[in-house]
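Data block below; observations after.
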Amino acid sequence: MLVVGLSGGIAAGKSTVTRHLIGLGVPVIDCDRIAHDTACKGAWGYRRIVAAFGPGILTETGDIDRARLGQLVFAEAAARRRLNKATHAPVAVELLRQLLGHWLRFRRLVVIDMPLLFETGTYKLTSSNVVVACRPELQLQRVMLRDSCSTADAKARIAAQVPLERKMQLADVVLENDSSLEQLQEQVLELYDFTIYTQLSKTLSKVFFPSNNAALQALSFWGVFFVGYISRPAGAVLFSHLGMTIFGGLTPLAMTAIQTGTGSIFIGPALWMVGMALISIVSSLLLIKCYPLTNQRGSF
Ligand SMILES: CC(C)(COP(=O)(O)OP(=O)(O)OC[C@H]1O[C@@H](n2cnc3c(N)ncnc32)[C@H](O)[C@@H]1O)[C@@H](O)C(=O)NCCC(=O)NCCS
Ligand SMILES: Nc1ncnc2c1ncn2[C@@H]1O[C@H](COP(=O)(O)OP(=O)(O)OP(=O)(O)O)[C@@H](O)[C@H]1O
């Protein structure tokens, strides 16, 4: 099972990425949710937090006063360490329980959305790690807006975690969330495509390129991927030029539909009819199919 850690700076956009992943059908374990659930009245985490901070941390109804606890722990490192000591074990146990559940259901891919992925060292245990990042001034703005807090409070919240720059250095993939929500979604989709393709590479290369020569098989498989990959930026250059200058928006859209449709229709029969020559045919068809796509999706 591929276990991918997802983290980033506070309010950089992890939950937004998580929503896109769930939309794609990817199982995601949400550690913020686990932290909240394990701190519900009577739960193990709740008892540990009350033992660490005393009954003064409770509301009139006996629940943990999260706003107050947040103020305490984001203002003072010692209080934060006390909270971490109280919460990390219950969060870790529930995380492991959920991971086991996915493993028993034969999941191939699970994402762990974990704000403290790097602080807790969990990133060393995952298969790979993705960090969602944005410019510092944007991050500050997003924290203030979302948590309705002052600049000083927002800065304290940001400073409570490993610096975003360091997280980016430790990550295998960085999703830049400096622009629109659509562009973030676009990056998530590409990463998902890439992950699925690489995960299935062994199976797909055997099915589509049967050969006794493993090197040739791998080369064919990645060659096709490469063609699909480079055709997008190439198509973006040509089609955005055509869209903005010669034809206007609609004609390139029609050309895109015709080209991608033609590519898709002929890939199927080509796979059945031709032997190893198939590689060049599939590559050419992919080129035709993907070439105009980026322009319409506005990426890369
Ligand atoms: C500090 C608490 C009370 C603040 O609650 P609040 O509802 O205001 O915020 P919320 O839980 O939605 O967290 C918002 C963000 O704060 C950051 N954050 C939370 N806890 C911590 C922490 N101990 N250290 C640094 N950053 C933290 C994360 O980026 C998180 O996504 C709460 O986050 C909490 O109980 N934290 C401890 C549990 C924990 O470690 N959570 C992270 C799961 S890995
Ligand atoms: N590209 C974007 N454009 C505009 N707003 C955005 C963008 N990405 C995220 N946001 C907003 O920024 C806020 C923080 O995003 P999100 O909740 O996804 O961050 P997070 O990393 O999960 O935060 P935390 O770890 O603190 O819970 C949200 O209000 C979200 O709607």
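Order of listing sets the numbers, starting from 1, for every ligand and every atom in it. Because only heavy atoms are used, hydrogens play no part in the values below, and waters and symmetry mates are left out as well, while side chains stay in.
The protein heavy-atom contact nearest to atom 40 (O) of ligand 1 is Leu116 CD1, 3.5 Å. The protein non-hydrogen atom at the shortest distance from atom 20 (N) of ligand 1 is Phe74 CZ, 4.4 Å. If you check which protein heavy atom lies closest to atom 8 (O) of ligand 1, you get Arg157 NH1, 4.2 Å. At the shortest separation from atom 14 (C) of ligand 1 among protein heavy atoms lies Arg146 NH2, 4.3 Å. Protein heavy atom closest to atom 43 (C) of ligand 1, with residue, atom name and distance, is Cys31 O, 3.8 Å. For atom 39 (C) of ligand 1, the closest non-hydrogen atom of the protein is Ala35 CB, 4.0 Å. Of the protein's non-hydrogen atoms, Asp32 OD1, 4.1 Å is the one closest to atom 13 (O) of ligand 1.
Below 3.5 Å of separation, one finds no N or O of Arg80 facing any N or O of ligand 1.
Listed for the Asn213 side chain is a donor-acceptor partner under 3.5 Å among the backbone atoms of Ala215. Side-chain atoms of Asn177 come within 3.5 Å of backbone atoms of Ala12 as a donor-acceptor pair (strictly under, hydrogens ignored). Side chain of Ser180 to main chain of Gln183: a donor-acceptor pair is present (N/O by atom type, distance under 3.5 Å, no hydrogens or angles). A donor-acceptor contact shorter than 3.5 Å is absent between the side chain of Lys14 and the backbone of Ser7.
Distance screen at 4.0 Å: atom 24 (N) of ligand 1 has a protein heavy-atom neighbour inside the cut-off. Distance check for atom 32 (C) of ligand 1: every protein heavy atom is found at 4.0 Å or beyond.
The option from Arg81, Gln71, His36, Met114 that lies nearest to atom 10 (P) of ligand 1, judged by heavy atoms, is His36. When the heavy atoms of Arg82, His88, Gln161 are ranked by distance to atom 17 (C) of ligand 1, first place goes to Gln161. Residue nearest to atom 36 (N) of ligand 1, selected from Ile49, Thr87, Leu83: Leu83 (by heavy-atom distance). Scanning Lys14, Arg33, Arg66 for the heavy atom closest to atom 6 (P) of ligand 1 points to Arg66.
Taking all atoms of both residues into account, the shortest heavy-atom contact from Val188 to Val17 is CG2-CG1, 3.9 Å. Nearest heavy atom pair, residue Ala39 against residue Ile64, reads O-CG1, 3.6 Å. The heavy-atom pair separating Ile112 from Cys31 by the smallest distance is CG2-SG, 3.7 Å. Of all heavy-atom pairs spanning Val143 and Ala11, the tightest one is CG2-CB, 3.6 Å.
Remark: ligand 1 atoms within the under-4.0 Å shell around heavy atoms of Ala160 are 25 (C). Close approach of ligand 1 to Ile10 is summarised as follows: ligand atoms under 4.0 Å from at least one heavy atom of the residue are 15 (C), 16 (O), 17 (C), 29 (O).
Counting heavy atoms closer than 4.0 Å to ligand 1, residue Val73 contributes side-chain atoms (C-beta onward) but none from N, CA, C or O.
The salt bridge (charged side-chain N to carboxylate O under 4.0 Å, His left out) search around Arg48 returns none, not counting sequence neighbours.
Within the structure, the closest approach of Ala39 to ligand 1 does not fall below 4.0 Å when heavy atoms are considered. At least one heavy atom of Asn84 sits less than 4.0 Å from an atom of ligand 1. For the ligand labelled ligand 1, residue Glu119 lies outside the 4.0 Å heavy-atom shell.
Side-chain N/O atoms of Thr18 and Asp113 include a donor and acceptor closer than 3.5 Å. Residues Gln169 and Glu165 have side chains that never bring a donor and an acceptor to within less than 3.5 angstrom of each other.
Residues with a heavy atom under 4.0 Å from ligand 2: Gly9, Ile10, Ala11, Ala12, Gly13, Lys14, Ser15, Thr16, Asp32, Arg142, Arg146, Asn177, Ser179, Ser180, Leu181.
Geometric assessment of Arg82 against the ring of Phe53 yields a positive cation-pi assignment under the 6.0 Å and 45° thresholds.
Within the 4.5 Å cutoff, no side-chain heavy atoms of Leu109 are placed close to those of Met1.
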| said: Apply salt bridge (charged side-chain N to carboxylate O under 4.0 Å, His left out) to residues Glu119 and Lys167 and explain how you reach the verdict. | reply: CA-CA 9 Å; Glu119 289 78 357; Lys167 291 183 181 181; 3.4 Å; yes

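With ring centers used as reference points, Phe221 lies 6.0 Å or more from Phe226.
In the hydrophobic cluster analysis, where Ile, Leu, Val, Met, Phe, Trp and Tyr join through side-chain heavy atoms closer than 4.5 angstrom, Leu145 is grouped apart from Phe74.
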